[in-house]
Every structure is written in structure tokens, then in C-alpha cells.
Amino acid sequence: MEKKLMKGCEAIGEAAICAGARLFFGYPITPQNEIPEYLSSRMPQVGGTFVQAESEVAASNMLYGASGAGKRVITSSSSPGISLMGEALSYMAGAELPAVIVSIMRAGPGLGGILPSQSDYFQATKGGGHGDYRVMVLAPETVQEAVDHTIKAFDYADKYRNPVIILADGILGQMMEPVTFPEPVRPEDLPEKPWATTGAKGRERNIVNSLYLNPDVLEERNWQLVKKYEAMREDVEFDTYHLDDEVDVMIVAYGTVARIARTAVDTMREQGMRVGLFRPVTVYPFPSDALAEAADKAGAVLTSELSTGQMLEDVKAAIAGKRPVEFFGRVGGNLMAPEEIVEQVTALMERQGRSVA
Amino acid sequence: MYGLKLDWMETPEAPYYTLEDYTGPEARWCPGCGDFAVLTAAQRLCRDEQLAPEKTVFVSGIGCSSRFPHYMKTYGFHGLHGRALPVACGIRARRPDLNIFVATGDGDCCSIGSAHWIHAVRYNMRMVVMMFDNNVYGLTKNQTSPTSPEGLRTYTHPRGAPIEGMDPLQVSLAVRGVSFIAQTVDFNPQHLLATLTAAYHHPGFAFVRILQRCPHYTPRAFAPLQENPSMMSLLVHPDGIDGGESMTRLFPNRIEHDPSDLRGARVIAEAEQGIPVGLLYKNDSVPRYDHASASGLSATREDRVKLLEQQLDWFRI
Ligand SMILES: Cc1ncc(C[n+]2csc(CCOP(=O)(O)OP(=O)(O)O)c2C)c(N)n1
């Protein structure tokens, strides 16, 4: 396959088309406008539809409607906009409908700023909308992975009949890297969706619904959904770097921070420090078992994020007190330099009474 | 400057506010942006009306135009995208004493905030709404807005906006409860100031659509109006907006229109030709929601005790 140099946002747009999505609904917001802008010219070329809605509330409900009709659908937004999509997300999870939502995180809370951040981890992995529900969340590290995740996200969404979020920060969205795309899927070749509202001819009618007034029925549904969320564990993904042998410190980071941490690990390895990186790739379901196992071979853990400590809670829950877990975060749109991670790891090792080579 | 409190004076002189008292940090809009003209008009209005800065608040949503409160040395509330009007209604619901101005864009007001806009017109709470209509999303850089004319090429509609834009005047005039609708242009400072002044004096929700130039993304949106003022029709009437003598020269076309005539206003707004400039509708006697919401404020101690007793009587066994 030929390599193309593309911006993260545009590559995500092209990947959606590659996955057979022909419907995009969205509303402008920085720093992800390149996704709708790319698809506004690209969709018509493949017989698809691009709609700029009047708000994110409208866009996400258009998504809800089109998904109910059985189509592969996608929207994208950034932090304040994703907040407004929380309602539709909850309903889609309740009605068990597949959809792909790209969340390009910027710094909050409130209007915050437009620079990159990872402060919407809770929003993506713990719900975002109301009710006991989960969505699958993939956190790419490179533009190529953003492409692969977008395509996979459509498959997971259909497999689990559930919304799937691509969680990336503004850097990945704006960064240009070479990418390749797999053979495109033709929408007409996709498996049929017997639950979709496609016109009840010769079969029972399908109704899209998330309302269950009988508490016993609703309780049973909730537990069924939990079973589904647990089943998603079979698609858990993670990545390790220099973790084959014992380490003094294991860094845990995802997305852009994982890239920065890799550079830091290289520097420290050159200095003879025993350091490695664990990178969750699916952040829901979280690779808790693999992380706990990796922690067994580590002296201490340093979680690093562009937030004040969100994934940190999942890391701590997974490690369950077996190892000290410390945190290093930068926020407000600021990034950490690899040297800062080196400093943090060194300080942590000293606190742990381990020699720094 | 009035920073010093002259405690030792028995009858302090009433302060006289100058333009400087309303001038905040240097505004950061693109060169040639129409927002500068509106800022100047708002500062002059505050000075002319001698509005105490501490009793004046500018509320906005999100957009280039919504940066407005930062540049006024009054109170400011830079709110949420689309929500300037609910925020302002929240303030007005309990503060009859404040001068409330709202700065909102065509995306902010007519797209994401459209439901709030319709209800704010209906609530008729007293405030001045400056709707900056540049036909495009400026802050997010060139996407289609609900008022973009059909065919306008933007980054989200590279082949041109597929459907006609909405007319904010027609929408506002269609809402029951409407009490003040005017239209003005940023390139005529006298008319702009006269319109905002009339809006300020209106006892209710005063909606002013300002045709605002965006030299960056929609440079041709209103240039034809500047080049050929006969494309506009100045609305004239003794109860209308008096922009001064020079208006006759600047607007060759004029329509005699009584602003109490709602039907006439709708006909003018719907007309294919002649972009109306002036006061389309004004009615001082439309009920105001803020009168109801703030009713408890004037209650005396006795009133409150009486109400409380009435309430407690419900629970008598
Ligand atoms: C919930 C949410 N969605 C989207 C945005 C991004 N956004 C900020 S301003 C704006 C539109 C600006 O256009 P307009 O209201 O016409 O004002 P202008 O910048 O042209 O003055 C958008 C879409 C946001 N801040 N919040």
C-alpha cells in the first residue's frame, strides 16, 4: 500500500471512509475542524453525506437516528462539544446502537483553551452521559494507529452494538505522519443489521428504544449490558516498551504522553537505568490484568498524563496497593518534556532508595 | 477616573464618566473587523447615558464577537457557546438594577443557541442584544453559519452552502412576545449608536441585528451595501430611530414605517429587495418575565411573614 503524508484529523476522516462509513454529522470546534472539513469534500466523492448540524446536540442525535437505520456513522468533536454529546451517547448505549465518536481533547474545564490535553479521560471511560453504561475507548499514539483504530472502532461498534470513542489529543489531530490505508470496505459488503429500522417488510418491526419503566425489566437489562461490557475484555489492547525484564520504575502513559515517555525511557536506558513503559491502548476496557502483572516486575510505578490524574485511578485500582504509584501531569495545554519525565523517575527512584545507576 | 472614594465629602459630586472609564485592554480582532465599530458605539453609549460601570454587565457566548466583554471596563461574563442569552436571563431574573448588554454572533445565537434565542424573545426580559451577523463562523475559521447565503464557499461547504440562510429578523418577529427588533450596520457609526441607544431605552428585550463586516472570511458579504447604499432601505418614522441629518444622504432609499405595526414589520423583513435598516418593531407594553421573577425583591418584611404564615396554614392539622 502506498504511504501518504497526512494530518491526524484528515487521516481519521479517510479511515472512516475506508471502513465504509458514508455519514458524518458534526459541528465546528477547534482543534478538530480538519475532520469535518476533510469529510465535507471527501464524502460527496464517495456518494456519502456530510451534514454540519446546528450544534453538537443535534449532530449526535442525527448520529443516533442514522445508526438506528443501520448505517456506519461517525461524528467528531472536542471537549465542550463532547460534553453536549453525552446525552445521545447515553441513549445510544441504552438502545444498543453502534457509532464512532472521535474526541480530540483540548484543555478544560469550561472553555479552557484550545491546546492539547488528556483531561477528558473520565468523560470517555466512565460514561460522559447519565446512567450505568460504558463505551469502548481506543487511545491512539501515532497517526497510523489513529487510522487503524478508526477502522477497528467501526468493527467493535457493530460487534458490541455500542458506541466506540477514539480518544486523542490535539497534537495527534494536528500532527502530520506517513500513513497507509487498508483495502476499503464497500458499505454494501457489510453484514446486515437485523435490528435496524430498515422498514418492516416480512418481519417483526424494530423499535429503537431505551425506555423501560418496569424496574425489574430495566434491572435485567442493566446486568445484560454489564455482561456485554465485560465481554469487551477480549479486545483489550496494550503495548510495552522495555518491560521484558525487571525494572525499577515502570511508566504508565497513553497517547501522546506515551511517545514522550518512550524518548525518556531511551535516554534513561542509555544511562543504564532500569526503566520501561506500559501503554494502555484500549483505555476502556482498561488492561488491568496485564498492568498488574507488569507491575509485579517493577519496583514502583509512575503514571504520567496531560491531566491532574485521571487514568491514575485506573492504574491504582489495577495495582491495588502492591506497588507505590506516583503521578506526574502537565495541564492547561502544556506538554511535558522527556527530560521532565527523566527527572521525575530519578526522584522517584531516590525516594525508593534505589541507585540511579 | 473614579477609583478614589471621597469619604470625607458630605455630598460627593456625582461622577462624570468619560470614555476612558469604559475602555478595557486593547481589542484583538483582525484589522478591518466590524466588531471595533460596535465596541466604540457601546463605549459611547455607556458614556452618553452615564451608566455606572459597576452597574453594567456585558454578557457573551463564544466567538470572535463574544470577546466583547474583555474589552469593556464594566462587569463581564464570557459565557458558553450558544448560551449567552440564558446566562443574561439568569442575571436579569434577579437583578432589575443592572444594565445588561449581550454580545452574540450569528453562530452563537442562531445556530447552537437558537432555542434559547426564541425563548429569550418570548420572555422579554429587559436587556440589549447585539447580534453580530457576519454570515460566517469567524473564531473557528470559516465554517458555514445559519445566516450564510446559499452558495457561500466555506471550509465545511467547499462547493457552497447548500441551502438558503435564515433571516434573524423574520424569526424574531414571528415569536409571540417580541417587543423590539432593529437592524443596523457596523459601517455607519451614527446609525449604529442611535440604534443601540434606542435599544437601551426599551423596557424589554431589545434585539439588534448588526450587519458586521468580516474582512477575513466574508469580505464580500456587505461590501456591496457600502458601495451601493440604495440596496438598503432606511426605516423612518417619528417613533423610529433618528440617526441624524446625515442619514438622508447616506441612505437614499427610505420607507415610512410605524414601528408599532407588527404586520408591516414582517412584510418589510420578508421583502426580496431593500435590506431594512432601522426600527422594525417596538411595543413597550408586552409583559416581561423579569417582572414576575423579581417580584419577591420588593416584598417587605411584613409581606414575607404574611406569605410564610399562609404557607404554614396549609399544614394545620
Ligand atoms: C459547545 C461548543 N461547540 C463549538 C464551539 C466552537 N466554536 C466557538 S465559536 C464558534 C462559532 C463562532 O461563530 P459566530 O457565533 O458567528 O461568531 P464570530 O466568531 O463569527 O464572531 C464555534 C463553533 C465551542 N466553543 N463550544
Side-chain angles (χ1 to χ4, degrees), chain A residues 7 9-10 13 24-62 75-88 104 106-114 170 173-174, chain B residues 59-64 66-67 69-70 76-87 104-118 134-148 150 152-163 165-166 168 171 217:
Chain A
K7 236 187 195 186
C9 280
E10 294 174 349
F24 177 92
F25 305 98
Y27 186 75
I29 186 165
T30 313
Q32 60 79 54
N33 286 324
E34 292 82 354
I35 301 177
E37 286 168 6
Y38 181 81
L39 288 175
S40 69
S41 52
R42 196 67 182 94
M43 275 297 185
Q45 293 169 1
V46 291
T49 297
F50 163 88
V51 179
Q52 180 184 323
E54 73 273 25
S55 70
E56 291 85 353
V57 175
S60 54
N61 281 286
M62 289 177 182
T75 186
S76 66
S77 191
S78 179
S79 312
I82 298 285
S83 291
L84 291 181
M85 293 183 174
E87 178 187 70
I104 306 286
R106 59 188 245 183
L111 197 59
I114 55 169
Q174 301 300 316
Chain B
V59 181
S60 69
I62 308 294
C64 297
S66 288
R67 300 177 65 89
H70 293 278
F77 196 128
H78 192 180
L80 298 70
H81 187 37
R83 322 291 178 218
L85 290 171
V87 168
T104 178
D106 44 312
D108 203 61
C109 178
C110 309
S111 192
I112 189 166
S114 50
H116 305 313
W117 162 36
I118 288 169
N134 57 2
N135 288 187
V136 78
Y137 286 9
L139 189 71
T140 44
K141 301 188 168 63
N142 199 27
Q143 295 89 11
T144 311
S145 113
T147 61
S148 296
E150 188 178 347
L152 182 78
R153 286 170 190 266
T154 66
Y155 292 159
T156 42
H157 290 106
R159 287 175 194 75
I163 52 171
M166 68 152 70
V171 174
Y217 297 119

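Below, read A as the first sequence line, B as the second, and so on, with proteins coming before strands; counting in each chain starts at 1. Any value given below was found using the heavy atoms of this structure, including those in side chains, with hydrogens, waters and symmetry copies removed.
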Q | Side chain / backbone / both / neither for I114(A) at chain B, heavy atoms under 4.5 Å | A |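 The answer is neither part of I114(A).
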
Q. Is it the backbone or the side chain of P44(A) that comes under 4.5 Å from a heavy atom of chain B, or both, or neither?
A.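 Just its side chain gets close to chain B.
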
(Q) List the residues meeting side-chain contact (heavy atoms from CB on, under 4.5 Å) with S111(B), not counting sequence neighbours, and say none if there are none. (A) Y27(A), E54(A), Y137(B), P146(B)

Q: Could you grab the distance from atom OG of S77(A) to atom CE of M85(A), nearest 0.5 Å is fine?
A: 4.5 Å

Q.
Let's test your reading of the structure: which of L80(B), L139(B), I112(B), I62(B) forms the most heavy-atom pairs below 4.5 Å with chain A?
A.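 Most pairs with chain A among the choices: I112(B).
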
Q. Pick from P28(A), S41(A), S55(A): which one has the most heavy-atom pairs with chain B under 4.5 Å?
A.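 Top count of heavy-atom pairs under 4.5 Å with chain B: P28(A).
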
Q. Are side-chain N/O atoms of T140(B) and N33(A) paired as donor and acceptor at under 3.5 Å?
A. no

Q.
Checking F50(A) now: which residues fulfil ring-ring contact (aromatic ring centres under 6.0 Å, His included) with it, not counting sequence neighbours?
A.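 Expected list: F24(A), H157(B).
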
